[in-house]
Novice: 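The structure's right below; bear with me while I get my questions together.
Computed from heavy atoms alone, side chains included, the values below leave out hydrogens, waters and symmetry copies. We're numbering straight along the sequence, starting at 1.
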Amino acid sequence: MPRWWTATAAEEQWLADLPRLVDARCRRWDLTVDGLPRHGSNALVVPVRRAGVPAALRLTPPGDDTAALSAALEFWRGHGVVAELDADPAAGALLLERLDPDRSLVGEPLEVALAEIGRVARRLAVPAGDDVAAGVGRVADDVARLTPRLRPAWENLGRPFDPGVLDVAADAAAVILAGDRDPVAVNADLHFDQVLRDRNGWWCVVDPVLRRGDAERTAVNVLWHRVDEMTDAEIPGWFDVLVETADLDPGLARAWALWRITDYWVWGLDNGLTEDPPRCARLVAALA
């Protein structure tokens, strides 16, 4: 687990029970352990086989929203995401297709990683109307809810940056909220280390967060995770690569970028972050 992670009593018990939980799940789903487990911040992944076919058993601690992940995987059905082979969300257990854990886009050079993740985002952007699973929110709702809070929060922080940035964000919000666009599926947490190779060479997302609205919301989220590798002058060009490969509307993508960066900038300062606000300043200067 991350060094900053503090387990609750239920999570400590879950960690202690993991060997038993893996064994019980393997017996229930007729699985054979096939290698050493790995973990991220909120899940244990065990390589297994079922009827000789490689797979991955994913187990999560109490409180993890496995049901939402399972619903997202079921919605996309392997179209740009890892395939779900079996699921018991109440127990925090999913059986997934086996991807290559040593080959993610975080290890690819920028020119490869940005183009490929843009193509992944385009594959994910399938129509997502009101018949999508209940509880899947619209990304524009965040803009409508949070925009009125930006200036008061900035005032309370002592006006830490140029007020013109807030004006740009307000204009961007107006662009986002205007019009009547058909919503598409959006992975609200798309980044490079969660995009792995499958056995056929396709890049697949392993932990998508399903929302709906504008695919353009994802561009700056993706850019953020590799921006430290770019000079200030390079940022707009790499942003354009994402826009082109993901087949996004350039103006709408830029509006989403400027709004999201400003919102995160204010939130980061309000929560005592020290490294991310300067990144926000770089991105706003480069894209505004």
Novice: From R119 CZ over to E116 CD, what is the distance, rounded to the nearest 0.5 angstrom?
Specialist: 5.0 Å
Novice: How would you list all residue pairs meeting salt bridge (charged side-chain N to carboxylate O under 4.0 Å, His left out) that involve residues 242-264, not counting sequence neighbours?
Specialist: D240-R254
Novice: Are F75 and V136 packed together at the side-chain level, in the sense that at least one heavy-atom pair is separated by less than 4.5 angstrom?
Specialist: no
Novice: Write down the atom of A56, the atom of V48, and the distance for their closest heavy-atom approach.
Specialist: N-CG2, 4.0 Å
Novice: Nearest 0.5 Å, what's the CG-CG distance between L94 and L85?
Specialist: 10.0 Å
Novice: Has T60 got a side-chain atom pairing as donor or acceptor with G92's backbone, closer than 3.5 angstrom?
Specialist: yes
Novice: Between E84 and E74, is there a donor-acceptor pair closer than 3.5 Å when you use the side chain of the first and the backbone of the second?
Specialist: no
Novice: Please report the shortest heavy-atom distance between A188 and N221, naming the atom on each side.
Specialist: O-ND2, 4.4 Å
Novice: Do L110 and L105 share a hydrophobic cluster, counting only Ile, Leu, Val, Met, Phe, Trp and Tyr and linking them when any side-chain heavy atoms are less than 4.5 Å apart?
Specialist: yes
Novice: Which pair of non-hydrogen atoms, one from A93 and one from T66, has the smallest distance, and what is that distance?
Specialist: N-CG2, 4.3 Å
Novice: Give the intermediate values and the outcome of salt bridge (Lys or Arg N to Asp or Glu O under 4.0 Å) for residues E108 and R103.
Specialist: CA-CA 9 Å; E108 299 293 332; R103 186 78 186 277; 2.7 Å; yes
Novice: Should L31 and V45 be counted in the same cluster of Ile, Leu, Val, Met, Phe, Trp and Tyr side chains packed under 4.5 Å apart?
Specialist: no
Novice: Taking all non-hydrogen atoms of both residues into account, name the closest pair between P89 and A67 and its distance.
Specialist: CB-CA, 3.8 Å
Novice: Just verifying a value: how many Å separate D86 CG and R28 CZ, rounded to the nearest 0.5 Å?
Specialist: 10.5 Å
Novice: For atom CZ of R145, decide whether the heavy atoms of other residues, nucleotides or ligands shown that lie under 6.0 angstrom number more than 12.
Specialist: yes
Novice: To the nearest 0.5 Å, what is the distance between CG on L96 and OG on S70?
Specialist: 9.0 Å
Novice: If we ignore hydrogens and angles and just use 3.5 Å, is the side chain of D100 paired with the main-chain N or O of D102 as donor and acceptor?
Specialist: yes
Novice: Decide whether a cation-pi geometry holds between R25 and W29; the criteria are a distance under 6.0 Å from NZ or CZ to the six-membered ring centre and an angle within 45° of the ring axis.
Specialist: yes
Novice: Rounded to the nearest 0.5 Å, how far does CD of E216 lie from CH2 of W256?
Specialist: 9.5 Å
Novice: Name all pairs fulfilling the side chain to side chain donor-acceptor pair (under 3.5 Å) condition that reach into residues 200-210, sequence neighbours left out, sorted by first residue then second.
Specialist: none
Novice: Using distance only, find each side-chain donor-acceptor pair of residues 278-288 under 3.5 Å and give its atom names and separation, not counting sequence neighbours.
Specialist:
unit_1, atom_1, unit_2, atom_2, d
R279, NE, D228, OD1, 3.0
R279, NE, D228, OD2, 3.1
R279, NH1, D276, OD1, 2.6
R279, NH2, D228, OD2, 2.8
R282, NE, D232, OD1, 2.6
R282, NH1, V227, O, 3.3
R282, NH2, M230, O, 2.7
R282, NH2, D232, OD1, 2.8

Novice: Which heavy atom of P208 sits nearest to which heavy atom of W76, and what is that distance?
Specialist: CB-CZ3, 3.7 Å
Novice: Checking T147 side chain against A144 main chain: does a donor-acceptor pair fall under 3.5 Å?
Specialist: no
Novice: With sequence neighbours left out, what residues match E234 under salt bridge (Lys or Arg N to Asp or Glu O under 4.0 Å)?
Specialist: none
Novice: Taking side chain as C-beta onward, heavy atoms only, is W14 less than 4.5 Å from L21?
Specialist: yes
Novice: Using 30° and 60° as the class boundaries, would you call the ring planes of Y264 and W267 parallel, tilted or perpendicular?
Specialist: parallel
Novice: Is a donor on one side and an acceptor on the other found under 3.5 Å between the side chain of R98 and the backbone of A55?
Specialist: yes
Novice: Does the side chain of V22 reach to within under 4.5 Å of the side chain of L59, using non-hydrogen atoms?
Specialist: yes
Novice: Closer than 3.5 angstrom, by distance alone: can the side chain of D198 be matched with the main-chain N or O of G201 as a donor-acceptor pair?
Specialist: yes
Novice: When rounded to the nearest 0.5 angstrom, what is the spacing between SG in C204 and CZ in R199?
Specialist: 11.5 Å
Novice: Side-chain contact test, heavy atoms from C-beta onward, threshold under 4.5 Å: evaluate it for L242 versus L248 and give yes or no.
Specialist: no
Novice: Between W259 and V168, is there a side-chain heavy-atom distance shorter than 4.5 Å?
Specialist: no
Novice: What are the two closest heavy atoms between P148 and V143, and how far apart are they?
Specialist: CD-O, 4.4 Å
Novice: Can you give me every donor-acceptor pair (side chain of residues 171-187, partner residue at least two apart or in another chain, under 3.5 Å) with its distance?
Specialist:
unit_1, atom_1, unit_2, atom_2, d
R181, NE, D214, OD1, 2.9
R181, NH1, A178, O, 2.9
R181, NH2, I176, O, 2.5
R181, NH2, D214, OD2, 2.9
N187, OD1, D189, N, 3.1
N187, OD1, V209, N, 2.9

Novice: Return yes if some donor-acceptor pair links the side-chain N/O of T262 with the main-chain N/O of L258 below 3.5 Å, else return no.
Specialist: yes
Novice: Can you find a heavy atom in the side chain of D142 that is under 4.5 Å from one in the side chain of R211?
Specialist: yes
Novice: Can you tell me which residue among V46, L69, V82, L95 is in a side-chain contact (heavy atoms from CB on, under 4.5 Å) with R58?
Specialist: L69
Novice: Is it true that R49 and D34 make a salt bridge, defined as a side-chain N closer than 4.0 Å to a carboxylate O?
Specialist: yes
Novice: With clusters defined by side-chain heavy atoms of hydrophobic residues (ILVMFWY) lying less than 4.5 Å apart, directly or transitively, does L150 cluster with I261?
Specialist: yes
Novice: Are the charged groups of E155 and R151 less than 4.0 angstrom apart, N to O?
Specialist: no
Novice: If you apply the rule side-chain contact (heavy atoms from CB on, under 4.5 Å), what do you find for W265 with V165, and how did you get there?
Specialist: CA-CA 10 Å; W265 195 350; V165 174; 4.1 Å; yes
Novice: With side-chain contact (heavy atoms from CB on, under 4.5 Å) as the test, pick out the partner of V222 among W238, F192, F239.
Specialist: F192
Novice: Is there a side-chain contact (heavy atoms from CB on, under 4.5 Å) between L269 and W154? Walk through the geometry before answering.
Specialist: CA-CA 9 Å; L269 290 171; W154 174 82; over 6 Å; no
Novice: Kindly write out the residues that satisfy side-chain contact (heavy atoms from CB on, under 4.5 Å) with L196, not counting sequence neighbours, or none if the list is empty.
Specialist: L99, S104, V206
Novice: Can you get from V112 to V241 by hopping between Ile, Leu, Val, Met, Phe, Trp and Tyr side chains that sit under 4.5 Å apart?
Specialist: no
Novice: Please check if the number of heavy atoms outside E111 that lie under 6.0 Å from its CD is greater than 12.
Specialist: yes
